[in-house]
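Following: one structure in structure tokens, then a few remarks.
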Protein chains: 2
Amino acid sequence: MPEQFRKGVLVPRLDDVAAAAGVARSTASRVMSGEATLTIREETRQRVLDAAAKLGYRPDTRARALRLKRTYALGIVVPEIDNPAFGTIIRSAQKAAIERRYSLFISLADKDQPDTALYRRLVEGKGVDGVLVTTISDPGLVDELRRRSIKHLLVNRELEGHQGSIIVDYVEATAQVVEHLVMLGHRRLAFISGPLHQYAGQKRLEGFTKGLRRCGLVPDEQLIGECNYGWAEAAEVFKRIYVASAAPPSAVCAANTTIASGMIAGARSIGLEVPDELSVISLLDSPLALMHVPAISAVQFPFEELGRLAANELIDAIENGSEMENVRLERFRIAERGSVSSLR
Amino acid sequence: MPEQFRKGVLVPRLDDVAAAAGVARSTASRVMSGEATLTIREETRQRVLDAAAKLGYRPDTRARALRLKRTYALGIVVPEIDNPAFGTIIRSAQKAAIERRYSLFISLADKDQPDTALYRRLVEGKGVDGVLVTTISDPGLVDELRRRSIKHLLVNRELEGHQGSIIVDYVEATAQVVEHLVMLGHRRLAFISGPLHQYAGQKRLEGFTKGLRRCGLVPDEQLIGECNYGWAEAAEVFKRIYVASAAPPSAVCAANTTIASGMIAGARSIGLEVPDELSVISLLDSPLALMHVPAISAVQFPFEELGRLAANELIDAIENGSEMENVRLERFRIAERGSVSSLR
DNA sequence: TTGAAAGCGTTACCAC
DNA sequence: GTGGTAACGCTTTCAA
């Protein structure tokens with residue numbers, strides 16, 4: 001049975017701690033703040049700490065936030081949650097935030113109910129000190145953040161003229177994948193993208209054509225297909241491209257492992273062997289790549305670093321008022337597995 | 001350039017709205033509350049609303065929470081985020097919460113830093129009105145929630161003697177999978193579980209042995225293997241079981257699709273054909289099941305309903321003080337795909 | 001129908 | 001070194 005404080009209330013406040021320790025509320029506050037610079041008699045400090053421990057006191061974050069005009073909380077807005085890249089970003093951002101004594105609130109941007117979305121509450125209601133934005137499919141969000149001058153950082157997204165974003169280099173990575181394939185002797189390259197109205201889709205397409213041009217090849221519209229709905233559609237898209245094409249591709253860049261897996265299934269269904277008759281590479285790695293037969297070669301990006309740096313940069317901006325940079329992480333790696341063969 | 005209110009401050013408060021509308025703060029508050037029962041002259045109401053709109057006023061959730069002793073926010077503690085079951089639960093819980101005008105804060109329970117975990121802050125600091133708990137691997141959390149009498153509901157978890165949990169029926173589903181396999185003529189069934197110290201692992205093992213007994217079969221310890229670390233380990237575990245066993249299994253229940261995929265790879269590496277020489281079924285479905293060759297038969301649970309009911313039950317308890325129930329959702333479905341064959 | 005004022009739990013300024 | 005007190009932005013009771 002928990003001890004009672006004021007009539008009927010079971011949660012101790014700072015006043016209860018102060019009373020139990022026989023000091024004033026302000027003294028108790030100073031002790032609890034933990035500030036080493038404050039001058040407090042050691043004996044007093046102990047008495048307060050003991051009282052707080054005995055009562056199980058925890059500061060009320062709401063009252064504290066009201067007073068300090070700071071919540072020590074960050075928000076991250078993500079479009080989907082069960083996605084390896086976002087999962088990694090969220091985890092590393094949370095870890096970095098916690099290390100700096102911030103909380104990270106994850107908010108799913110629900111397409112179905114954008115106007116009631118969590119972020120409105122979080123952000124407009126001053127529930128967080130800053131926001132990490134990993135989706136710009138709702139352009140209203142960034143606008144509103146800017147209008148309300150709420151610190152925010154675009155993560156794995158960038159916007160023309162926007163100050164404060166941190167990205168990995170989808171363009172260059174994709175271009176180098178193309179070069180890699182060409183070096184292996186491939187000349188007819190296909191590209192099956194994800195939704196092209198989204199950021200990642202656009203960047204990868206940009207990198208694909210850039211890579212071709214660097215190799216002196218011309219992009220062939222016939223070899224570029226868009227896949228909006230995942231695995232089964234990817235198989236169809238590939239078959240359509242393959243059948244329609246006069247000179248069929250010998251290698252395919254797939255936006256991610258789900259699409260790669262689907263199009264491999266499609267290729268098989270028309271009798272194509274992977275990698276012997278068709279090379280496939282995924283432009284984004286995931287655990288699925290290793291489970292696949294054959295294992296899918298894929299590009300790996302430093303998403304962990306991305307999340308960590310993002311959280312730290314945002315907190316720096318909050319605490320020091322420092323300007324936010326536009327950062328591009330150039331590191332990436334092509335993990336070679338069994339889905340690509342050399343034509344030489 | 002945003003308009004200024006009090007000196008140097010750019011965010012309008014209720015006082016600013018009231019001043020702009022020429023009414024008292026309390027009147028503005030009443031209008032903004034939207035309570036239909038309050039008697040307010042229509043003309044006044046319009047004036048306040050107009051002022052609020054013009055200034056872009058949003059109530060400060062921190063101040064409101066402090067005053068009301070209610071945050072209209074829920075927390076959900078999840079062990080991992082990129083997992084199809086948790087993803088679905090989170091999405092549906094968030095949707096249900098938003099419909100009832102609550103926010104849902106997602107909190108990753110980080111094994112590495114349990115004591116700094118978000119939930120402490122959320123919960124102890126009164127940041128939420130209630131908590132959905134989807135992991136009990138840290139037993140301290142539930143204890144503390146109970147001690148502080150914070151409303152909480154176990155989701156997809158249950159605890160001896162705990163009031164308030166909502167689960168799907170892993171035990172019965174697994175038992176019926178076993179019966180299904182036996183009906184198909186299988187007699188030697190293996191089970192490759194996930195971590196057995198976790199809730200789901202225990203329940204599935206319980207269901208596995210229960211199913212065998214119902215069919216008059218005795219569980220064979222030799223045919224039960226534990227897989228803690230995913231795909232590659234699953235292959236090893238299966239091979240170990242298969243080789244060591246005097247009478248090898250003709251069918252395997254795998255805890256999830258990752259384990260199923262891994263053990264199929266292991267089976268292939270020792271020359272076994274799936275499903276011709278070995279049937280495999282996953283006790284939990286995921287998108288991977290369809291991408292696999294052969295597609296993996298798997299059990300589907302109503303996780304969407306689970307999340308929705310959980311949020312609603314928690315909110316009911318918060319608002320009406322209603323007692324929380326222990327609910328078991330009995331629905332599930334075996335999705336038959338290509339990884340199981342009949343011996344008849 | 002509207003206004004004044006108290007109070008939620010905290011921090012920080014200013015006295016002592 | 002410590003205590004009293006105002007203030008953060010809101011809701012709600014009580015009075016007018």
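Bear in mind that the values here come from a model prediction, so they are computed numbers and not experimental data. Proteins get letters first, then strands, A, B, ... in listed order; numbering begins at 1 in each.
Applying the salt bridge (Lys or Arg N to Asp or Glu O under 4.0 Å) criterion to A:Arg30, with sequence neighbours excluded, gives no partner residue.
Taking the C1' atoms of five terminal pairs at each end of the helix from C:dT1-D:dA16 to C:dC16-D:dG1, the two resulting helix axes are inclined by 40°, rounded to 10°.
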Quick one: do A:Asp60 and A:Arg13 satisfy side chain to side chain contact (heavy atoms under 4.5 Å, CB included)? Show the steps, please. CA-CA 8 Å; A:Asp60 184 324; A:Arg13 303 155 308 164; over 6 Å; no

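Residue B:Gly22 is the one, among B:Leu66 and B:Gly22, whose nearest nucleotide of DNA chain C lies closer to the 5' end (criterion: closest heavy atom).
The distance between atom CZ of A:Arg62 and atom P of D:dC10, rounded to the nearest whole Å, is 16 Å.
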Treating primed atoms plus P, OP1 and OP2 as sugar-phosphate and everything else as base, which nucleotides of nucleotides 11-16 of chain C get B, S or - for protein heavy atoms under 4.0 Å? BBB---

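The CE atom of A:Met32 sits 8.5 Å away from the CZ atom of A:Arg64 when rounded to the nearest 0.5 Å.
When side chains are defined from C-beta on, A:Glu99 does not count as touching A:Arg308, because their heavy atoms never get closer than 4.5 Å. Looking at B:Tyr72 and B:Thr61, their side chains never come closer than 4.5 Å, going by heavy atoms from C-beta outward.
Other residues, nucleotides and ligands contribute more than 12 heavy atoms inside 6.0 Å of the CD atom of A:Glu305. More than 12 heavy atoms of other residues, nucleotides or ligands lie within 6.0 Å of CZ in A:Arg70, so this atom counts as buried by the packing criterion.
Formation of a donor-acceptor pair under 3.5 Å by the B:Arg157 side chain with backbone atoms of B:Thr135 is not found in this model.
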